[in-house]
Number of protein chains: 2
Amino acid sequence: MVATIGDVARLAGVSTTTVSRHLAGQRIREAAAVQATIETLDFRANEVARSLKSGVTRSIGLVVPDVSNPFFAAVAKGVESVSRQLELNVFLSNTDESVERERAVLQGLVGRVDGVILVPAREETDNTAELRRANVPIVLLDRRLRGGNDLDSVLVDSPGGAAQAAEHLLSLGHRRIGLISGPLDTTPGRERHDGFMAALGAAGVELDPTLIRIGDFKLESGYQATLRLLGLPSAVTAIFAANNLMSIGALRALHHLGIRVPDELSFIGFDDLELAELLSPPLSVISRPAVEQGVLAMRLLRNRIEGAGSPKAQHIVLETRLLVRGSCRPPQPSSDGAIPATRIPIGNPS
Amino acid sequence: MVATIGDVARLAGVSTTTVSRHLAGQRIREAAAVQATIETLDFRANEVARSLKSGVTRSIGLVVPDVSNPFFAAVAKGVESVSRQLELNVFLSNTDESVERERAVLQGLVGRVDGVILVPAREETDNTAELRRANVPIVLLDRRLRGGNDLDSVLVDSPGGAAQAAEHLLSLGHRRIGLISGPLDTTPGRERHDGFMAALGAAGVELDPTLIRIGDFKLESGYQATLRLLGLPSAVTAIFAANNLMSIGALRALHHLGIRVPDELSFIGFDDLELAELLSPPLSVISRPAVEQGVLAMRLLRNRIEGAGSPKAQHIVLETRLLVRGSCRPPQPSSDGAIPATRIPIGNPS
DNA sequence: TTGAAAGCGCTAACAT
DNA sequence: ATGTTAGCGCTTTCAA
């Protein structure tokens, strides 16, 4: 069905070696004839066989927890923009924030890629053993990995970003703030939680544990967390959500509850949203470079693949930016200080 | 560095065949010893070698024009939900709406996957020849391909959806409508354009050619198209954008121009947005199943891979739904019928 | 410059 | 039930 290098060799009257050399760009006597035969047969070298022999795939894997998160989509854009120039194929894989999926995905990548850019699902679960044994270079993106300090990494200053959010709310006078955190066993979850708490602590503000809701970075958890926070007997005056998807969930909840932002409640989220400016009020957020993270990670990986990297791991940390738009203002005095629990509806965010 | 089947065989004192059989789940006498050796060596079968021999990869490719488009992200979710159960790896690749990228990506997939779900960049450019010669099953998703009628496909009723949008605007009394179309050499671009025009035509409404702006399905083109439409001497009273990203671009432009929706202009877009309900006004849209498209495509592909598909191609077409929220209302009488061109700012959508 | 031969790691007849 | 042998399609010593 499909022509092999042997077919080409036979038809062109040369050895497979010669054809192989021609493919590799070396000059051979019968170049013209061989090329003609290749075109006649529409021959294309079998990548699998080629990989098996040479150990090179000209592909890399990009493993993220959630492709439907616009942040990771942007990261992918960045990775691809440079891999395109390098003529490397990118295989994007989704772990759905699950360590089991991650293990399966990473396993499936062994032998099929020359390197991997990984956003680990959990800090404590290192699924890279297989890849490392196979000598596949790995670059960590956006999240650390316990025992992964020997790997190149590109991160953002999550503690700093969360602190920016906290300080913004504090400066407006908020003291009773709801925190919708990510999982504490992920880098951004933990660091944003800690950074936020630390900034509050530095201002002498102690957060009641009931005001801290641990979500899973997905939309629904932001929704549920918000319902909980607003069902509390003593109302919060502001909410900080630790990522884009949970922010959207939270905003949906507020919308369904009929709570006006920022009149009744201030809101700030980590990660910018495509539509942040178009919401009313326009959403204040902590933004961070996404495409750039992808670009830098791919450059680091390229160096590793080419063996040109410095012997010790490179760690890049990018800065966040506070974008003040319109979703935060000083807390409004309220008669009883509480939003009635009866305003909480039953149902789903959709 | 990495153990091979030969190492295991030697250490366990059996042949490689026996180990191979054990790997395949057959009963062998020395199962315990072999298993122990496998674990000692932390042996894992080389997938590339396995593929070369068996011709099976247990992987599929999902090739989309734009991973950062939430619609395709949702499709990917659907594909993955079923491929997970089938224990198939999914390699997501991005063509960035470019036929050249598509060709490169598809080429890179040959031999590496057992099947491909493809959203073709252009209707007229068929890059599937390689895959077909290698007997790789292909399912078309969301877009057709000239000469691809022999391939399974999962589409939505784009003409119908666009007609729903047109009829909605017509029923409100709009006659001078701006159309932000997708590329006419893509299925959804062409079909939504044609469906929209046909519905208008059926109502005796003829659209001035200057009211039709052809975008590229990306955000920026929606922004630019909107600036153009609003710079026209005679104002439009409504706009229909043919996909989610262009809708966002259009909304940004309207925001920057300070045009109030729906008071000054009605707006409806194809594709729902995560935040559609939270915008003010909540956005009216034509929605369509995304996850489901992925699920169905993956099921069709599975059947093909297993050789269980019916001999002739299956074509599935899903229905769209008009979601009336708050961004459309009857056109408002205006003194001169035009929005002054001077209101158009200079700059970018960001 | 070219080709013969070996082999990448695995699986599958075939024979035992 | 197990092993021998051949070979998937390609690249790469090694000699010529």
Side-chain angles (χ1 to χ4, degrees), chain A residues 1-35 37-38 41-59 107-114 130-131 133-136, chain B residues 1-35 37-38 41-59 107-114 130-131 133-136:
Chain A
M1 190 72 213
V2 172
T4 72
I5 198 172
D7 300 332
V8 176
R10 207 168 312 116
L11 250 95
V14 296
S15 73
T16 58
T17 312
T18 303
V19 178
S20 177
R21 290 207 177 98
H22 176 72
L23 258 31
Q26 292 180 36
R27 311 199 63 79
I28 59 167
R29 196 196 320 280
E30 302 295 344
V34 169
Q35 185 56 39
T37 313
I38 285 174
L41 263 37
D42 200 8
F43 164 80
R44 212 68 41 125
N46 178 321
E47 289 298 332
V48 176
R50 185 172 265 185
S51 301
L52 178 61
K53 181 65 191 177
S54 65
V56 172
T57 64
R58 297 217 59 78
S59 309
Q107 208 131 293
L109 250 26
V110 178
R112 290 200 227 267
V113 295
D114 298 339
E130 299 275 330
L131 290 170
R133 276 173 10 99
N135 265 321
V136 179
Chain B
M1 190 72 212
V2 172
T4 73
I5 198 172
D7 301 331
V8 175
R10 207 168 313 115
L11 251 95
V14 296
S15 73
T16 59
T17 313
T18 302
V19 179
S20 177
R21 289 207 177 100
H22 176 71
L23 258 31
Q26 292 181 37
R27 312 197 63 77
I28 60 167
R29 197 196 320 279
E30 303 294 343
V34 169
Q35 185 57 37
T37 313
I38 287 176
L41 263 40
D42 199 10
F43 164 81
R44 213 67 41 123
N46 179 321
E47 289 298 331
V48 176
R50 191 172 259 182
S51 299
L52 178 60
K53 179 66 191 176
S54 65
V56 171
T57 64
R58 297 216 60 77
S59 308
Q107 210 131 291
L109 251 25
V110 178
R112 289 202 228 266
V113 295
D114 297 339
E130 298 277 330
L131 290 171
R133 275 175 7 101
N135 265 321
V136 179

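In what follows, chains are A, B, ... by sequence order, proteins preceding strands, each numbered from 1. Model, not experiment: these values are computed from the prediction.
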- prompt: Is any side-chain N or O of A:S54 under 3.5 Å from a base N or O of D:dT12, one able to act as donor and the other as acceptor?
  reply: no
statement: chain B vs DNA chain C, heavy-atom contacts under 4.0 Å, first-to-last nucleotide span, 5' to 3', is C:dG9 to C:dC14
field: Donor-acceptor pair (no angle test) under 3.5 Å: B:T17 side chain, D:dT4 base
entry: yes
message: Working to the nearest 0.5 angstrom, can you tell me the gap between A:L52 CG and A:N46 CG?
response: 9.5 Å
- request: Using a 4.0 Å heavy-atom cut-off across all strands, classify A:S20 as base, sugar-phosphate, or nothing.
  value: base
- line: Taking for A:V19 and for B:R27 the nucleotide of DNA chain D with the nearest heavy atom, the one nearer the 5' end belongs to B:R27
field: Where at least one partner belongs to residues 22-32 of chain B, residue pairs that pass side chain to side chain donor-acceptor pair (under 3.5 Å), sequence neighbours excluded
entry: B:H22-B:Q35
- prompt: With sugar-phosphate meaning primed atoms plus P, OP1 and OP2, does A:L52 contact a base, only sugar-phosphate, or nothing at under 4.0 Å between heavy atoms?
  reply: base
- prompt: In terms of side-chain geometry, is the basic nitrogen of A:R58 or A:D114 positioned less than 4.0 Å from the acidic oxygen of its partner?
  reply: no
query: What distance do B:E47 atom CD and A:R112 atom CZ have between them, rounded to the nearest 0.5 Å?
result: 5.0 Å
message: Base, sugar-phosphate or nothing for B:A45? Non-hydrogen atoms, less than 4.0 Å.
response: sugar-phosphate
query: What is the nucleic acid contact for A:T18, judged by heavy atoms within less than 4.0 Å: base, sugar-phosphate only, or nothing?
result: sugar-phosphate
query: Do B:L23 and B:F43 touch side chain to side chain, with heavy atoms closer than 4.5 Å?
result: yes
- line: In whole angstroms, the gap separating P of D:dT2 from CZ of B:R10 amounts to 19 Å
- request: Nearest-nucleotide wise, let me know which of B:Q26 and A:R44 is further upstream toward the 5' end of DNA chain D.
  value: B:Q26
field: Distance in angstrom units between B:R112 CZ and D:dC10 C1', rounded
entry: 14 Å
- request: Would you list the pairs meeting salt bridge (Lys or Arg N to Asp or Glu O under 4.0 Å) in which at least one residue belongs to residues 9-22 of chain B, sequence neighbours left out?
  value: B:D7-B:R10
- request: Round to a whole Å and report the spacing from CD of A:E47 to C1' of D:dT11.
  value: 13 Å
message: Heavy atoms only, 4.0 Å cut-off, all strands: where does A:V48 land among base, sugar-phosphate and nothing?
response: nothing
